[in-house]
A.B. asks: 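Quick one: the structure is below, questions incoming.
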Protein chains: 2
Amino acid sequence: MKISVVPAYKTFPGRWLSAVDRTPFHVEYVKKKLDMNKKQEVRLLKKFTKGIGVYGAEITIKGFSGYLCELLIIAYGSFTNLITQAANKWHPPVVLDIENHYGGNVKEIIKKFPHSAMIVIDPVDKLRNVAAAVSHRSLVTFISACRCFLKHPSINFFYPKPRKISLERDLKRHGSIIAIVFSHEPQIEDILYPQLERLARSITNKLIEYGFSPIRWSAFSDYKKLSTIFIELESETIPPVHVHMGPQFVTGTHELSFIRKNLQLNYFLWIDEDGRWKSIRKRKFVKVTDALKEILKLEEIIPRSLRKILIEKPKVIGIDEIKRQEKLRKLLIDFITPKEFWIEECINENPSE
Amino acid sequence: MKISVVPAYKTFPGRWLSAVDRTPFHVEYVKKKLDMNKKQEVRLLKKFTKGIGVYGAEITIKGFSGYLCELLIIAYGSFTNLITQAANKWHPPVVLDIENHYGGNVKEIIKKFPHSAMIVIDPVDKLRNVAAAVSHRSLVTFISACRCFLKHPSINFFYPKPRKISLERDLKRHGSIIAIVFSHEPQIEDILYPQLERLARSITNKLIEYGFSPIRWSAFSDYKKLSTIFIELESETIPPVHVHMGPQFVTGTHELSFIRKNLQLNYFLWIDEDGRWKSIRKRKFVKVTDALKEILKLEEIIPRSLRKILIEKPKVIGIDEIKRQEKLRKLLIDFITPKEFWIEECINENPSE
C-alpha cells in the first residue's frame, strides 16, 4: 500500500490557492450527503467503472474519479437508477449541476466548459468541472456498458474474466500493424503519456497527408526507459499514384500554374468529364516504413520535452519483429485485445433479441 | 465523299415538325449575317476547334457544330475577338443570346437550359440551345486552348503534329489499366456510344463502392463487332480491410444492431477516441479483376439494348494481355496519349513566364 501525503492550504470555497484545497470541502460535502446505504452504492459504481476500464481520472484512463462516482450516486440516489438513466437518457455532453449553481442554464454551462464530454459542476465550486477528465471514449464506454448491463446483468462487469486471445488467429482480422519504439530516460506518466499521445496524433496525421490510411493507435510506456506507439493501418503500402484535382475553373493564372507545375514533373494531366483539370501524381512514399522514417526526422514532430530525454533514434518495427520481441509481443496482444469485452456477453447470451 | 440526303418539312419558325426543319432558316440567317470576310473567320474557327478536338456535335466529341461556329463569329465579329473573349471572360455556363430573345434575362435562360455547359439561343428558335451538345470538357478545352493560343499563337493548333508516345515509358506515369472487351453485333454510334459511356460510369461507381479508386475511363468501339472500355485505377488491388464507422451516438437500438452485426462477422470493433463505435471490415474484393467479374454479372449493369446485341460474355483483360493484342495495344496508346497537346507548347516555349 502506498500513501501520499499532499499539503493543502486551509482556505474558503472560491478562494482556492492550490489544486487540492477543495478536498476538505469535498470530504465534508460527501459525508453530509451519503449515508451507509449510499456508500455501498458508490462502491458498486466504482467497481463497475473499474471493471469496464473507465475508473480513474488519470491521463491513461481519462475516466471517472472517486469523487465523481460519489457525486453521481448523490445525484441519482442509487447505482441502478444511475445506470438506467445513463443507458436511456445520457447523450454527450452530459451535464449535471447537483447544487443548481447555474439555475438550470445548461447552455451557459456548456459554453463555460466547451469540448467536455461530461460536465459535473462541483457542488463546492461552481467554476470547476468534476468530470473534466472524462473523455468521449470513456463516457460512451460507460453508457454502452450500462445499456448492456441492463439487458444482461452479470458479475463479469465487476469482475471481468481474464481475456485470452490467439495472436495469430486474431491478427487475421486486423490491418497492418507497426510499432515505433522510443528509448528514453525516466519520466513521470503525467508528463510523458500526453506527449506520446500528441506524437501519435501528429504521426497519424502526417501519414494521412502522405496518403496512408491509419485505423487506430495506442501508446504504451514503462516510464523508465521504453515507450512504444502502435499504429494499425489499412495497409503497409499504398498505390504509387493518386489523382490530384486542379483548381476549380476560375482564372487563367491558376490554370496555367497548375499545368506548368504538373508538366514539369512529367505528370499525366487532362481535362476530365466535369471540365476540371486533373493530374496523376506520384506518391512520395509507397511503404509506410519509409514514410515513418522521414516523418520522425521532422524537426517539430517529437514534442521537445520528449526529444530531450531520448537516448537513441526512434525505431520503426514491423509485425514480424514485433512478434519476435517478448516485450513488444505482449504490448501487441494488449493492442489487439478488445477492451469493450462486455459487448460479447450482451449480444451472445441474448440470441433471441 | 459521303453525301446524306435528309428530308425536312417546309414549315414556319416555331412550328417545327422534325428536327431538321430549322435548317433552311439557319442557312438563310447565316447567309444574311456572314460576308466573305467573316466566312473566312468561320473557317479559321472550325479548323481551330477541329485541331484541339472539339469540332462536331456528335456524341463521341460533344463539341462545337458548324452552325455554332458560324453563330460565334456572327456574335463576336472575328476569330481573334472570339478567342480573346473566351480566354478572358468565359466561365461555364457560357450564355449567348444573339437576337436577344430573352431581353438579357440570363437567369431565365439558365433556368430554361439547366446542366448545360454552354447555352447559345438559336436566332431562329428561342426554345433551342444550339450549344446543347457542348460538354463541360469540350467547353473548358476550348477556353484553355484559347488562353494558350493567345500566349503563344501557333499553326500547330490548326494542324496538330502527330503525337508519338513511348508506350513503356509513358505507362510509368500511370496507374493500373484494365480493359473490358465486348463482342457484339453491329450498332450505330448514336445508340451504342452513350450506352458504353453509361456502362463505364456504372462500373466505375460500383468499383468505388467496393473501395477501388478509378482515375479515368474511355470507351472505344468499331460499331461493327468490338467495343472496349478502358479503366485506369490507382491500383489493381486494395487493402483487405477498411474502417467502418458505427452510427453517430443516437440510441441504444442502433448501437446494438451495429455491435451485433459486426460481432457476428467476427470483425474487430472498438469505441474510438471520438466516442464513436468503429469496426475493421473485410473487403469483399481485393483484386479489381475479381470485382469486375462480379460487377459484370449484375442484372442491371449492362444497358438492356447493349445486352441484347452481345455475342459473348464481356472479357476483363489486364495490361500484359492488352499490350500483346494489336488492336487493344492501339487503343491503349490512344487512352494514354494526352489530348490537350497544346499545353506543352504553351508552357514549354515560354519558359520565362
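Keep in mind that the numbers below use all heavy atoms, side chains included, and drop hydrogens, waters and symmetry copies. Numbered from 1 within each chain, the chains take letters A, B, ... in sequence-line order.
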A.B. asks: Rounded to the nearest 0.5 Å, what separation is found between the CD1 atom of B:Ile238 and the OG atom of A:Ser235?
C.D. replies: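 So the gap between those two atoms works out to 10.5 Å.
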A.B. asks: What's the spacing between A:Glu344 CD and B:Leu269 CG if we round to 0.5 Å?
C.D. replies: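 The CG atom of B:Leu269 is 8.5 Å from CD of A:Glu344, to the nearest 0.5 Å.
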A.B. asks: Please determine which of B:Val241, B:Val243, B:Ile280 meets the side chain to side chain contact (heavy atoms under 4.5 Å, CB included) test together with A:Glu232.
C.D. replies: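 Single pass found, and it is B:Ile280.
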A.B. asks: Where does B:Asp170 contact chain A at under 4.5 Å (heavy atoms): side chain, backbone, both or neither?
C.D. replies: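 Contact with chain A involves no heavy atom of B:Asp170 at all.
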A.B. asks: What distance separates B:Trp270 CH2 from A:Arg137 CZ, expressed to the nearest 0.5 Å?
C.D. replies: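 Answer for the CH2-CZ pair, B:Trp270 versus A:Arg137, is 9.5 Å.
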A.B. asks: With a 4.5 angstrom heavy-atom cut-off, could you sort out which part of B:Glu234 is near chain A: side chain, backbone, both or neither?
C.D. replies: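 It is both, since atoms from each part get that close.
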A.B. asks: Identify which part of B:Leu139 has an atom lying under 4.5 Å from any heavy atom of chain A, answering side chain, backbone, both or neither.
C.D. replies: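 When you check distances to chain A, no heavy atom of B:Leu139 falls under 4.5 Å.
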A.B. asks: If you count heavy-atom pairs under 4.5 Å with chain A, which of B:His174, B:His242, B:Glu236, B:Arg283 comes out on top?
C.D. replies: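 When all of B:His174, B:His242, B:Glu236, B:Arg283 are compared, B:His174 has the most.
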A.B. asks: How long is the gap from CG on A:Leu171 to CZ on B:Phe268, to the nearest 0.5 Å?
C.D. replies: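 Reported value, rounded in 0.5 Å steps: 11.0 Å.
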A.B. asks: Quick one, A:Arg276 with B:Val140, criterion side-chain contact (heavy atoms from CB on, under 4.5 Å). Give me CA distance, side-chain angles, the key distance, then yes/no.
C.D. replies: CA-CA 8 Å; A:Arg276 197 162 174 179; B:Val140 172; over 6 Å; no
A.B. asks: Please look at A:Asn88 and chain B and tell me whether the side chain, the backbone, both or neither of the residue comes under 4.5 angstrom of a heavy atom of that chain.
C.D. replies: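 Contact with chain B is absent: no heavy atom of A:Asn88 under 4.5 Å.
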A.B. asks: Can you tell me how far SG of A:Cys148 sits from CD1 of B:Ile259, rounded to the nearest 0.5 angstrom?
C.D. replies: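 B:Ile259 CD1 to A:Cys148 SG: 5.5 Å, rounded to 0.5 Å.
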A.B. asks: Can any side-chain N or O of B:Glu255 pair as donor or acceptor with the backbone N or O of A:Ser144 at less than 3.5 Å?
C.D. replies: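 The answer is no, because no donor-acceptor pair under 3.5 Å joins these two groups.
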A.B. asks: More than 12 heavy atoms of other residues, nucleotides or ligands under 6.0 Å from NZ of A:Lys282: is that the case?
C.D. replies: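 Check passes, neighbour count above 12.
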A.B. asks: What is the distance from atom CG of A:Leu256 to atom CD1 of B:Ile343, rounded to the nearest 0.5 Å?
C.D. replies: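 It is 10.0 Å, given to the nearest 0.5 Å.
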A.B. asks: Taking the basic N atoms (NZ, or NE/NH1/NH2) and the acidic carboxylate oxygens, is any pair closer than 4.0 Å for B:Arg216 and A:Glu273?
C.D. replies: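 Looking at A:Glu273 together with B:Arg216, the answer is no, because their closest N to O distance does not fall below 4.0 Å.
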A.B. asks: Measuring heavy-atom distances to chain A, does B:Arg201 have an atom under 4.5 Å in its side chain, in its backbone, in both, or in neither?
C.D. replies: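 Contact with chain A: side chain only.
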A.B. asks: Pick from A:Ile336, A:Asn266, A:Asp274, A:Leu233: which one has the most heavy-atom pairs with chain B under 4.5 Å?
C.D. replies: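 The answer is A:Asn266.
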A.B. asks: Does NZ in A:Lys62 sit with more than 12 non-hydrogen atoms of other residues, nucleotides or ligands closer than 6.0 Å?
C.D. replies: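 Yes, because the 6.0 Å sphere around NZ of A:Lys62 holds more than 12 heavy atoms from other groups.
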A.B. asks: Less than 4.5 Å to any heavy atom of chain A: does that hold for the side chain of B:Lys89, its backbone, both, or neither?
C.D. replies: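 Neither part.
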A.B. asks: Check each atom of B:Lys339 against the heavy atoms of chain A and say whether the ones under 4.5 Å are side chain, backbone, both or neither.
C.D. replies: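 Answer is neither: B:Lys339 stays 4.5 Å or more from chain A.
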A.B. asks: Is B:Ser135 close to chain A through its backbone or its side chain, or both, or neither, when contacts mean heavy atoms under 4.5 Å?
C.D. replies: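 Neither part.
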